[in-house]
Each structure stands twice: as C-alpha cells, then as structure tokens.
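Numbers restart at 1 for each chain; the letters A, B, ... are given by sequence-line order, proteins then strands.
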Protein chains: 2
Amino acid sequence: MKNEIAEILKRSQLSVTGSRTKILELFQESNGALAHADIEKKTDESYDRVTIYRTLQTFVEKGIIHTIPTADNSIRYALCKDECSTGHHHDNHVHFICDECGTTYCLDNITVPEIALPEGFTQKRADVIVSGICKNCE
Amino acid sequence: MKNEIAEILKRSQLSVTGSRTKILELFQESNGALAHADIEKKTDESYDRVTIYRTLQTFVEKGIIHTIPTADNSIRYALCKDECSTGHHHDNHVHFICDECGTTYCLDNITVPEIALPEGFTQKRADVIVSGICKNCE
DNA sequence: AATTATTTGCAACATTGTTGCATGTGAGTA
DNA sequence: TACTCACATGCAACAATGTTGCAAATAATT
Ligand SMILES: [Mn+2]
Ligand SMILES: [Mn+2]
Ligand SMILES: [Zn+2]
Ligand SMILES: [Zn+2]
C-alpha cells in the first residue's frame, strides 16, 4: 500500500515523489524482476526516461532494489529484502530467467553456494543466474 | 598460431577471413575475456563495427566462444574449450570479474555447483559470476 | 579461371544510456 | 499557512550500442 511505500522512501532519506512511488509500486505488484524498458511501458511513459534511470540508480544505491545481470544486455531489477541498506546489499539468492516468457524470478529460498576461489582472489559479490523453463511455461 | 586458428574456423565450417582470424587471435592472446568494445580498440578499427558484432554472434553459435553476463550491461566473450560445438556449450565454469582492473577470468578449474531448483523449473544453463579483487590488484 | 555462396562494409536507423541546466516540487521552518 | 532551500524532474543535446538491408568484395568450389 501507499503508506508502506512512503515509509520505505523516508527510511532511505528520499523525498516521496510521484515517480518514485509509482515505480516502487510496480516492483511490489510485479512477481518478477523488471528491466528499465518494462518500467517505461508500465508507466505509460508518464515519466521521462532519464528520471527512470536515475530512480533505479538511486534505489540500487539505497539498497531498495538489486540488480540481476543477464546474458542479453538488459539488467533486471528486483526488490531487496529488509536487510539491505545504503551500500550494503545482502541479496545472496539465486535468480532464474525463463527462456520462454522472460520472467526473472528471485528464488529467495535458494542461497548462492560458497565458491572456493584461487589464491589471491577476494570475493565481494556473487551472482548465480540459472536459465531454462519456468513453472508456468513447461 | 595462424594455422591453428584456420583449423578452428574450418572445423566450424566457416570461411577463413581476415576479421575472423584477427578476432580469434585476439582471444587467444588475451588472458581475460573481451567485450565488443575491447575488440574494436584492439583491432584499431580496421573492421566495421557490424562485422565485429556478426563475428561474435557467429562464434557463439558455433561454440567457439561463450558469453559472460555482467552487472554493467556489457557482455564479455571468452574462448570455449574443445568440447563445445554448434548449439552445444559446455562451459560450466565460474567467472570472476575484478572490480579494480575489470579483467574477466574464466576459472576453468572451478565448476558451477549444482543448484536445486523448485518444482516445475527446468535448467538449461547456469552462470556464476563472482566479482571482487583479482590476484593482480590486491 | 570462372562460378557461387558467403562475408564484409556502408548507410540508415533504432535503442539505450549519459550529462548539463533550467524549472518544478517536497520537506522543513518560520 | 507561507517561505525557503535542497533536491528531483524534464528537456535537450549528445554518446554509445545494437540492428537491418543491400551492394560490393572475397573465399571456397568447380
Ligand atoms: Mn533477487
Ligand atoms: Mn569462461
Ligand atoms: Zn516462463
Ligand atoms: Zn584486477
């Protein structure tokens, strides 16, 4: 609901504006992750492209959403859980992208396994992206 | 060497041309993965941008190189091992991207772990991308 | 050497992302 | 409520990235 959204924004010291509220709303309604283009469509182009870019960027910085790398050059974004905050993401779950419908799922219950790196390499972040056919498309 | 490169191309039923030879050579010389932009620079713009796009696409299809998704919307490419062929990639190793120098490593010895997916999901491919500081930058 | 199938470069275009700046708006304060 | 100021937005202009059709060039085949 609206109030909850305003809460999230305030908690991150962001002013509550139309575009931010709307975009955050979209993420809450959506079951999958969203790409920049999706948001443009779903907002019916009521907001400038630049505003959407900047909003997404801000949300990522503030730990409100996280990015999901893809093999097709179109970063997806999805809501973070409560533990994330400015500069500190803790989204260590696996992501699944359906080859059929394109839906990107946050598999919140499946955590990214530990990877043993070679000597000298230090891990900051790890992404696991599985692709194939999702439960709705098989 | 040149002959080996020609061999690879012929094996994939591709004609041996200047751009393909040069680009394949670049991959062999490079220790890390290459993005489209890297190739453009390293070839000193002697080949049209379109040609590079198409060459990379062809190489991926033929199982000569594989793609590496990144969080910054710039797909990297790296040589496949011999097992890959047209439509059949078997590059199940972990990739590491250095936040400092940007180098993208194929950690050939570290295989992608099995991921247990929820009911109804079928896996076609899995990518593990670890980022942090590499052995040269720490 | 001639033929044919493939590859390339160019042009034109589409999409995606970035930056500076003037204007508008939200949040706090009087 | 009205005022102020910092911040957010929209616009314009631009840069970078990616796509397509087509004619010319070139590699492979005969
Ligand atoms: Mn997620
Ligand atoms: Mn690799
Ligand atoms: Zn699906
Ligand atoms: Zn490095």
Side-chain angles (χ1 to χ4, degrees), chain A residues 2-3 5-26 33-62 64-65 67-77 86 102 104, chain B residues 2-3 5-26 33-62 64-65 67-77 86 102 104:
Chain A
K2 275 266 161 39
N3 279 348
I5 289 178
E7 264 319 301
I8 295 174
L9 292 174
K10 283 176 188 161
R11 192 186 315 147
S12 303
Q13 285 150 328
L14 293 174
S15 38
V16 181
T17 67
S19 60
R20 285 176 181 164
T21 305
K22 179 63 185 169
I23 292 175
L24 208 36
E25 216 172 278
L26 284 181
L34 299 173
H36 178 275
D38 298 325
I39 295 171
E40 238 178 309
K41 276 174 210 142
K42 297 210 182 198
T43 51
D44 221 21
E45 296 177 17
S46 12
Y47 303 106
D48 196 86
R49 239 155 35 79
V50 178
T51 301
I52 298 177
Y53 279 116
R54 294 200 263 227
T55 301
L56 290 172
Q57 195 179 295
T58 305
F59 283 1
V60 170
E61 283 164 4
K62 293 293 188 176
I64 298 174
I65 60 177
T67 58
I68 303 159
T70 70
D72 73 330
N73 260 359
S74 76
I75 298 179
R76 314 284 166 88
Y77 302 86
T86 304
T104 302
Chain B
K2 274 270 163 35
N3 279 348
I5 288 177
E7 264 320 300
I8 295 174
L9 291 174
K10 283 177 188 160
R11 193 186 316 147
S12 303
Q13 285 149 329
L14 294 174
S15 38
V16 181
T17 68
S19 60
R20 285 176 180 164
T21 305
K22 179 63 184 170
I23 292 175
L24 207 37
E25 214 171 279
L26 284 181
L34 299 173
H36 179 275
D38 299 325
I39 295 172
E40 237 178 310
K41 276 173 211 142
K42 297 210 182 198
T43 51
D44 222 20
E45 297 177 15
S46 14
Y47 304 106
D48 195 87
R49 240 154 33 80
V50 179
T51 300
I52 298 176
Y53 279 116
R54 294 199 263 227
T55 302
L56 290 172
Q57 195 179 295
T58 305
F59 283 1
V60 170
E61 283 164 4
K62 294 292 187 177
I64 299 174
I65 60 178
T67 58
I68 303 159
T70 70
D72 73 330
N73 260 358
S74 76
I75 298 178
R76 314 284 167 88
Y77 303 85
T86 305
T104 303

field: With B/I39 via side-chain contact (heavy atoms from CB on, under 4.5 Å) - residues at least two apart
entry: B/I23, B/L26, B/F27, B/L34, B/T43, B/I52, B/L56
field: Partner set under side-chain hydrogen bond (donor to acceptor under 3.5 Å, both in side chains) for B/E40, not counting sequence neighbours
entry: B/H36
task: Return the value, rounded to whole Å, for the distance between atom CG of B/N73 and atom P of D/dT17.
output: 11 Å
task: For the helix from C/dA1-D/dT30 to C/dA30-D/dT1, measure the angle between the helix axis at one end and the axis at the other, each built from five pairs, rounding to 10°.
output: 30°
- request: Write down the distance between OH (A/Y53) and C1' (D/dG10), rounded to a whole number of angstrom.
  value: 15 Å
- request: Taking side-chain hydrogen bond (donor to acceptor under 3.5 Å, both in side chains) as the test, write out the residues that go with A/D72, two or more places apart.
  value: A/T70, A/S74
- prompt: Reading DNA chain C 5' to 3', which nucleotide is the first, and which the last, to come under 4.0 Å of any heavy atom in chain B?
  reply: C/dT6 to C/dG17
field: Nearest-0.5 Å distance that lies between atom CD1 in A/I68 and atom OG1 in A/T104
entry: 6.0 Å
task: Kindly point out which of D/dG21, D/dT9, D/dG18 is positioned nearest to the side chain of B/R54?
output: D/dG21
query: Which whole-number value in Å describes the distance from A/L9 CG to D/dC7 P?
result: 16 Å
- prompt: When rounded to the nearest 0.5 angstrom, what distance separates CZ in B/R76 from CD1 in B/I65?
  reply: 13.5 Å
task: Enumerate the residues from residues 38-51 of chain B whose closest heavy atom to DNA chain D is under 4.0 Å, giving them by residue number; use none for an empty result.
output: B/R49, B/V50
field: Separation between NZ of B/K22 and CG of B/D44, rounded to the nearest 0.5 Å
entry: 9.0 Å
- request: With sequence neighbours excluded, tell me which residues meet side-chain contact (heavy atoms from CB on, under 4.5 Å) with A/S19.
  value: A/T17, A/Y47, A/T51, A/T55
- prompt: Closest heavy-atom contact between A/P69 and B/A71?
  reply: CB-N, 3.8 Å
task: Describe the nucleic acid contact of B/S74 in one word from base, sugar-phosphate, nothing, applying a heavy-atom distance below 4.0 Å.
output: nothing
Residues in side-chain contact (heavy atoms from CB on, under 4.5 Å) contact with A/S12, at least two apart in sequence or another chain: A/L14, A/K62, A/I64
query: Given atom CD1 of A/I52 and atom P of D/dC11, what is their separation to the nearest angstrom?
result: 13 Å
- request: Would you please name every residue forming a side-chain contact (heavy atoms from CB on, under 4.5 Å) with A/V50, sequence neighbours left out?
  value: A/D48, A/R54
field: Atom-to-atom span, CD of A/E61 to P of D/dC7 - whole angstrom
entry: 14 Å
- prompt: Mapping B/I75 and B/V16 onto DNA chain D by nearest heavy atom, which one lands closer to the 5' end?
  reply: B/I75
Rounded distance in Å - NE2 (A/H36) to C1' (D/dT17): 15 Å
